[in-house]
Novice: 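My questions all concern the structure below.
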Amino acid sequence: MTIDPPARHSVPQIHSSRTIFDMHPIAKAFDRYWHQLKGVRKIPRFLDFNINDVPGNALPYMSLLQVENNPRRYRYRLAGTSVVAAYGQDLSGVYLDEIDTGGRYDRYVHNFNEVTDDRVVNRTTDKYLMENGRLYSFDGHLYPFEGVGGDVSRIIILAIDDWTALR
């Protein structure tokens, strides 16, 4: 049996003094859940993911992306209530290239591609003015999940936009 090395954490685009050691408590709880799921594997299998086991306070900030290939596209399968409130619409079923990314589409595709291709966790902090006039400021956490064929088939995004309500 081969044991994969632990997933490395990619943080090339952090614009914050916060580190993994002072992540939001909700992100810390989800991070523990993801690491528990993966066990000795590099990343967990999506088949092992159970929405009922996710720390409940993470759900409003969570989005589930499906990775499509040929061509590579990212489709929102599920968006939490905080994400829906930020965008003013439910993103479920919508592709990344169909939403307002505040001019950061290429950056987000780069991050999602890195998570998909390198099987790594990505953490970033961002802020941008959306078309709906809302300033969206968040800590983003991207977690890869392996599909049936062994490739990354899903990415869970935590977009924590509320540091004042430590739920």
Side-chain angles (χ1 to χ4, degrees), residues 7-31 34 43 46 49 51 54-55 57-147 151-167:
R8 69 181 171 85
H9 294 273
S10 169
V11 288
Q13 300 169 17
I14 293 285
H15 302 291
S16 168
S17 60
R18 290 191 292 269
T19 70
I20 190 171
F21 300 108
D22 56 4
M23 287 191 315
H24 192 285
I26 292 171
K28 283 183 184 178
F30 188 87
D31 196 72
W34 185 85
I43 63 172
F46 189 69
F49 176 78
I51 194 81
V54 171
N57 53 3
L59 294 175
Y61 305 101
M62 192 172 91
S63 296
L64 174 63
L65 287 184
Q66 178 179 341
V67 179
E68 296 183 2
N69 291 301
N70 301 319
R72 171 81 52 90
R73 286 181 87 191
Y74 298 96
R75 184 177 186 197
Y76 283 82
R77 302 302 296 170
L78 162 67
T81 55
S82 177
V83 178
V84 170
Y87 279 91
Q89 68 178 30
D90 186 359
L91 299 179
S92 301
V94 177
Y95 287 92
L96 177 66
D97 56 23
E98 299 172 336
I99 65 170
D100 176 11
T101 58
R104 287 164 168 74
Y105 174 78
D106 290 340
R107 175 181 171 179
Y108 294 155
V109 167
H110 170 81
N111 289 349
F112 294 153
N113 283 340
E114 179 186 50
V115 169
T116 301
D117 296 337
D118 297 342
R119 301 164 68 91
V120 296
V121 172
N122 178 292
R123 292 183 173 81
T124 188
T125 298
D126 203 0
K127 141 177 25 177
Y128 61 87
L129 188 61
M130 298 176 63
E131 289 176 7
N132 65 12
R134 180 170 190 253
L135 179 63
Y136 194 27
S137 177
F138 61 93
D139 289 346
H141 308 267
L142 310 177
Y143 291 91
F145 285 83
E146 183 177 279
D151 293 332
V152 172
S153 66
R154 303 287 193 282
I155 297 172
I156 289 186
I157 304 169
L158 286 181
I160 310 286
D161 64 344
D162 186 357
W163 270 81
T164 60
L166 300 181
R167 300 182 242 274

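Index from 1, following the sequence.
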Novice: With rounding to the nearest 0.5 angstrom, report the CZ to CD distance, Arg119 to Glu114.
Specialist: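 CD of Glu114 is found 14.0 Å from CZ of Arg119.
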
Novice: Is the Phe49 ring parallel, tilted or perpendicular to the Phe145 ring (thresholds 30°, 60°)?
Specialist: perpendicular

Novice: Testing the basics here: between Glu146 and Ile43, what is the closest heavy-atom pair and its distance to 0.1 Å?
Specialist: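 The pair with the smallest heavy-atom distance is N-CD1, 3.7 Å.
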
Novice: Give the minimum heavy-atom separation between Gly147 and Ser153, together with the two atoms involved.
Specialist: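 The pair with the smallest heavy-atom distance is CA-OG, 3.2 Å.
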
Novice: Are the side chain of Arg123 and the backbone of His141 linked by a donor-acceptor contact shorter than 3.5 Å?
Specialist: no

Novice: Are Leu158 and Asp31 close enough that some pair of their side-chain heavy atoms sits under 4.5 Å apart?
Specialist: no

Novice: With Glu98, which residues qualify under salt bridge (charged side-chain N to carboxylate O under 4.0 Å, His left out), at least two apart?
Specialist: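 Applying salt bridge (charged side-chain N to carboxylate O under 4.0 Å, His left out) to Glu98 gives Arg73.
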
Novice: At their closest point, which heavy atom of Val83 faces which heavy atom of Ser63, and how far apart are they?
Specialist: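 Taking every non-hydrogen atom into account, CG2-OG, 3.6 Å.
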
Novice: Is a donor on one side and an acceptor on the other found under 3.5 Å between the side chain of Asn69 and the backbone of Pro71?
Specialist: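 No; zero donor-acceptor contacts below 3.5 Å.
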
Novice: I would like to know whether Tyr61 and His24 meet side-chain contact (heavy atoms from CB on, under 4.5 Å); could you show each step before the answer?
Specialist: CA-CA 12 Å; Tyr61 305 101; His24 192 285; 5.8 Å; no

Novice: How close do Tyr87 and Leu91 get, counting heavy atoms only, and between which atoms?
Specialist: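 Taking every non-hydrogen atom into account, CD1-CD1, 3.7 Å.
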
Novice: If the condition is ring pair (Phe, Tyr, Trp, His ring centres under 6.0 Å), which residues does Tyr108 pass it with, not counting sequence neighbours?
Specialist: none

Novice: Between Leu64 and Tyr76, does a side-chain contact (heavy atoms from CB on, under 4.5 Å) hold up when you go through it step by step?
Specialist: CA-CA 6 Å; Leu64 174 63; Tyr76 283 82; over 6 Å; no

Novice: Here's a test for you: under side chain to side chain contact (heavy atoms under 4.5 Å, CB included), which of Asn113, Asp97, Val115 qualifies with Tyr74?
Specialist: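 Single side chain to side chain contact (heavy atoms under 4.5 Å, CB included) partner of Tyr74 among Asn113, Asp97, Val115: Asn113.
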
Novice: Do Ile157 and Phe112 touch side chain to side chain, with heavy atoms closer than 4.5 Å?
Specialist: yes

Novice: Within the distance-only criterion (no hydrogens, no angle test), does the side chain of Trp34 pair as donor or acceptor with the backbone N or O of Pro144 below 3.5 angstrom?
Specialist: yes

Novice: Looking at every heavy atom in both Ser92 and Ala79, which two are closest together, and how far apart are they?
Specialist: OG-N, 3.7 Å

Novice: Go through Thr124 and Leu142 one step at a time and tell me if the side-chain contact (heavy atoms from CB on, under 4.5 Å) criterion holds.
Specialist: CA-CA 9 Å; Thr124 188; Leu142 310 177; 6.0 Å; no

Novice: Taking all non-hydrogen atoms of both residues, which atom of Val152 and which atom of Val67 are closest, and how far apart?
Specialist: O-CB, 3.7 Å

Novice: Mind checking the CZ-CG spacing from Arg75 to Leu65? Nearest 0.5 Å is all I need.
Specialist: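 If I round to the nearest 0.5 Å, the distance is 11.5 Å.
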
Novice: Out of curiosity, Asp90 CG to Leu78 CG, how far, rounded to the nearest 0.5 Å?
Specialist: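 Output value for this atom pair is 8.0 Å.
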
Novice: How far does CG of Asp139 sit from CD1 of Ile26, to the nearest 0.5 angstrom?
Specialist: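 CD1 of Ile26 is found 11.0 Å from CG of Asp139.
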
Novice: Who pairs with Asp117 by salt bridge (charged side-chain N to carboxylate O under 4.0 Å, His left out), at least two apart in sequence or on another chain?
Specialist: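 Only Arg72 meet the salt bridge (charged side-chain N to carboxylate O under 4.0 Å, His left out) criterion with Asp117.
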
Novice: Calculate, to the nearest 0.5 Å, the distance between atoms CG and CD belonging to Asp100 and Gln89 respectively.
Specialist: 9.0 Å

Novice: Are Tyr143 and Phe30 packed together at the side-chain level, in the sense that at least one heavy-atom pair is separated by less than 4.5 angstrom?
Specialist: yes

